[in-house]
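Letters A, B, ... are given to chains in the order of the sequence lines, protein chains preceding strands, and every chain is numbered from 1.
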Protein chains: 2
Amino acid sequence: MLWGYEMDSRHMRHFVALAETLHFGRAAARMNMSQPPFSRQIAGIENELGVKLVERNSRNVSLTPAGKRFLEDSRGVLAQFDAACRDAQLVASGMKGELRLGFTMHAAHGTVPKLVRRYSEARPDVRLILEETIPTAIDEMLVDGKLDAAVTFAPHGVQLNSVSLARDRLSLIVPAGHPLAARKIVGAADLAGHSLIAAPATVAPTLRNAISDYHLAAGVVPSFIYEPRLQHTIVQLVAEGLGIALVPETVCSTLAEGVVAVSLRDPPAFDIVLVTPAVSSNPAVAPLVEVARRLRRG
Amino acid sequence: MLWGYEMDSRHMRHFVALAETLHFGRAAARMNMSQPPFSRQIAGIENELGVKLVERNSRNVSLTPAGKRFLEDSRGVLAQFDAACRDAQLVASGMKGELRLGFTMHAAHGTVPKLVRRYSEARPDVRLILEETIPTAIDEMLVDGKLDAAVTFAPHGVQLNSVSLARDRLSLIVPAGHPLAARKIVGAADLAGHSLIAAPATVAPTLRNAISDYHLAAGVVPSFIYEPRLQHTIVQLVAEGLGIALVPETVCSTLAEGVVAVSLRDPPAFDIVLVTPAVSSNPAVAPLVEVARRLRRG
DNA sequence: CCATCTCATACCCCCAAAGCATCAATCAGG
DNA sequence: CCTGATTGATGCTTTGGGGGTATGAGATGG
């Protein structure tokens with residue numbers, strides 16, 4: 001059976017008004033129209049459905065069983081209809097919706113949870129979708145719209161805006177029992193001859209370059225032995241005694257068993273930022289940036 | 001915010017078509033209209049909601065986050081809308097809905113469960129609402145529309161139709177150990193001097209009159225000692241030795257402990273019928289009558 | 001039997017919405 | 001860089017659906 005694309009939700013509202021008043025004249029008035037066209041509307045609905053919805057004998061109006069059912073269903077449809085309109089506005093205003101937040105464990109330790117918590121308090125109806133990604137993929141995903149925002153290292157291209165979330169610096173981690181583990185502080189020269197574990201430049205260039213530069217500035221040529229892609233793996237390999245690593249200091253706050261953190265003399269520092277597309281179609285992003293700004297201050 | 005009683009489900013259909021094709025021309029064609037008015041429709045929706053739903057740059061069409069949300073919501077609304085129309089037709093055709101079936105335990109023993117089972121197999125989407133009621137209330141409830149059908153004793157007024165379901169007859173029940181309990185069969189004369197338990201004439205006149213007439217035809221004046229309203233109570237009082245009773249034979253198929261059934265000589269018989277209003281607004285009633293007719297035959 | 005109330009019908013009218021023609025922007029290909 | 005094709009937006013014209021007024025018809029109560 002091919003439906004009634006003639007009938008629409010306005011007709012439904014008319015019917016609901018009639019069903020609630022059981023009076024054509026008053027129902028018509030409620031719909032801001034006169035009674036005759038209103039009667040035609042109802043007749044039109046019944047005609048199109050091929051179903052009698054109201055029993056009327058010019059003195060009493062009552063609902064047929066089909067009419068009772070249609071009333072209940074119509075109320076649901078209209079409520080959902082209005083909710084759809086309201087939701088569209090809420091999403092457009094950034095009060096509701098989804099926000100895909102990318103982050104990289106290389107940078108996100110500590111900052112992402114705090115950011116997420118604050119944001120969720122401010123916008124409880126925005127569902128945050130967290131996606132861990134490698135740093136070099138983040139820019140492209142932001143430009144392509146696969147991410148709405150991301151927490152990663154500065155700096156970034158002109159198509160992207162960034163807000164500083166925190167300033168982090170490199171720290172040394174070594175296996176427990178390692179010759180350097182007992183030191184309070186070490187310099188670049190002390191690192192000569194030790195095997196390094198670090199993400200490759202194709203994954204985390206900011207970190208990788210900082211590590212290399214730190215060595216080279218002291219005339220030490222760094223020797224990388226393993227190059228895993230994930231921050232977690234780096235710490236794990238260190239824990240297993242396979243080498244040492246220079247990692248963001250925030251990572252050291254939750255170290256695995258068997259790994260010791262040692263401060264670096266004159267450590268390289270870098271910004272951890274919230275990056276967003278210069279023009280974002282998602283209205284939920286702006287308040288996230290605002291939260292990030294406040295986070296930096298307080 | 002005062003809504004958009006301008007916008008209706010037809011506009012929603014247009015938007016969904018656009019969101020699915022991402023092409024104004026083709027979406028318009030799907031809606032059987034030309035492109036210019038279609039574009040105006042979409043613009044109208046956005047204007048009324050105050051929300052941009054699609055991003056268009058004269059070469060590409062894409063959904064905004066609000067548009068994506070509105071698409072999902074709209075699909076739900078339209079599906080529910082169509083379901084409401086379909087349900088109205090199903091209810092009107094008697095394939096779906098509710099049917100309030102009244103019955104009285106005085107008459108319903110055995111017949112109602114069978115009737116209900118057969119009907120539910122034929123019309124699984126009709127919800128049967130069973131209501132036990134006293135016999136004298138049934139006629140009025142049927143005429144008032146509080147019941148769609150009822151199982152009770154014949155006969156009935158002209159406003160009601162009835163279909164015979166079964167023929168039942170009176171049987172004697174006495175407490176175990178009662179002088180009459182040992183008899184195979186008893187006549188009206190044997191009942192003289194025994195205290196009777198029966199529902200009052202204001203509750204079940206058919207039964208009550210049959211009982212009185214049975215006694216009086218043999219010159220015995222019945223003496224009623226208790227007059228409970230419910231069939232269940234009658235049996236219980238007999239079980240407790242407070243008297244004897246004449247009850248429909250079908251009741252005897254599931255007697256409580258301590259109650260013995262004894263056949264009557266020339267027992268009064270009466271019809272148990274399915275009663276329906278002569279004109280019923282509920283289309284689910286007709287198939288019930290049909291089931292009742294078949295039940296009588298098979 | 002009349003007055004009244006209420007829903008249906010008849011008729012008219014108008015503007016919202018559809019169509020047509022056209023413009024503007026974008027892109028592909030030579 | 002130019003041209004043609006594609007596609008969405010805009011202006012103008014037309015028409016039919018939908019609304020209004022007047023009136024009819026059936027029911028009810030005094």
**Prompt:** Where does the angle between the aromatic ring planes of B:Phe15 and B:Phe70 fall among parallel (under 30°), tilted (30 to 60°) and perpendicular (over 60°)?
**Reply:** tilted

Do the rings of A:Phe24 and A:Phe38 sit parallel, tilted or perpendicular, given the 30° and 60° boundaries?
perpendicular

Counting any heavy atom closer than 4.0 Å, what does [X] reach on the DNA or RNA strands: base, sugar-phosphate only, or nothing?
X: A:Ser34; answer: base
X: B:Gln35; answer: base
X: B:Asn60; answer: nothing

- Item | B:Lys52/B:Glu46 salt bridge by N-O under 4.0 Å criterion | no

If only side-chain N and O atoms of [X] are considered, is one of them under 4.0 Å from the OP1 or OP2 phosphate oxygen of [N]?
X: A:Ser39; N: C:dC7; value: no
X: B:Gln41; N: C:dA16; value: no
X: A:His23; N: C:dC7; value: yes

Its 5'-most and 3'-most nucleotides having an atom under 4.0 Å from a non-hydrogen atom of chain B, DNA chain D is contacted over D:dT6 to D:dC12

Separation of [N] [atom2] from [X] [atom1] (nearest whole Å):
X: A:Arg56; N: C:dC7; atom1: CZ; atom2: P; value: 10 Å
X: B:Met31; N: C:dG19; atom1: CE; atom2: C1'; value: 18 Å
X: A:Glu55; N: C:dA8; atom1: CD; atom2: P; value: 11 Å
X: B:Phe24; N: C:dA25; atom1: CZ; atom2: C1'; value: 14 Å
X: B:Ile42; N: C:dA18; atom1: CD1; atom2: P; value: 11 Å
X: B:Asp8; N: C:dA16; atom1: CG; atom2: C1'; value: 12 Å

inquiry  = Strictly distance-based, threshold 3.5 Å: is any side-chain N or O of B:Gln41 a donor or acceptor partner for the main-chain N or O of B:Ala28?
reply    = no

Shortest non-hydrogen pair, B:Ala292 vs B:Leu165, comes out as CB-CD2, 3.7 Å

Out of C:dA10, C:dT6, C:dA18, minimum distance to the side chain of B:Arg40 belongs to C:dA18

key: Chi angles and distances behind the salt bridge (Lys or Arg N to Asp or Glu O under 4.0 Å) call for B:Asp82, B:Arg13   = CA-CA 12 Å; B:Asp82 294 346; B:Arg13 269 182 228 283; 3.1 Å; yes

Under 3.5 Å, is there any donor-acceptor pair linking the side chain of A:Arg59 to the base of C:dC5?
yes

Between B:Phe38 and A:Pro36, whichever has its closest DNA chain C nucleotide further toward 5' is A:Pro36

Practice prompt. For salt bridge (Lys or Arg N to Asp or Glu O under 4.0 Å), just list the numbers for B:Arg293 and B:Glu290, CA-CA rounded to whole Å, side-chain angles, deciding distance to a tenth of an Å, and then say yes or no.
Written response: CA-CA 5 Å; B:Arg293 289 221 173 83; B:Glu290 200 45 48; 3.8 Å; yes

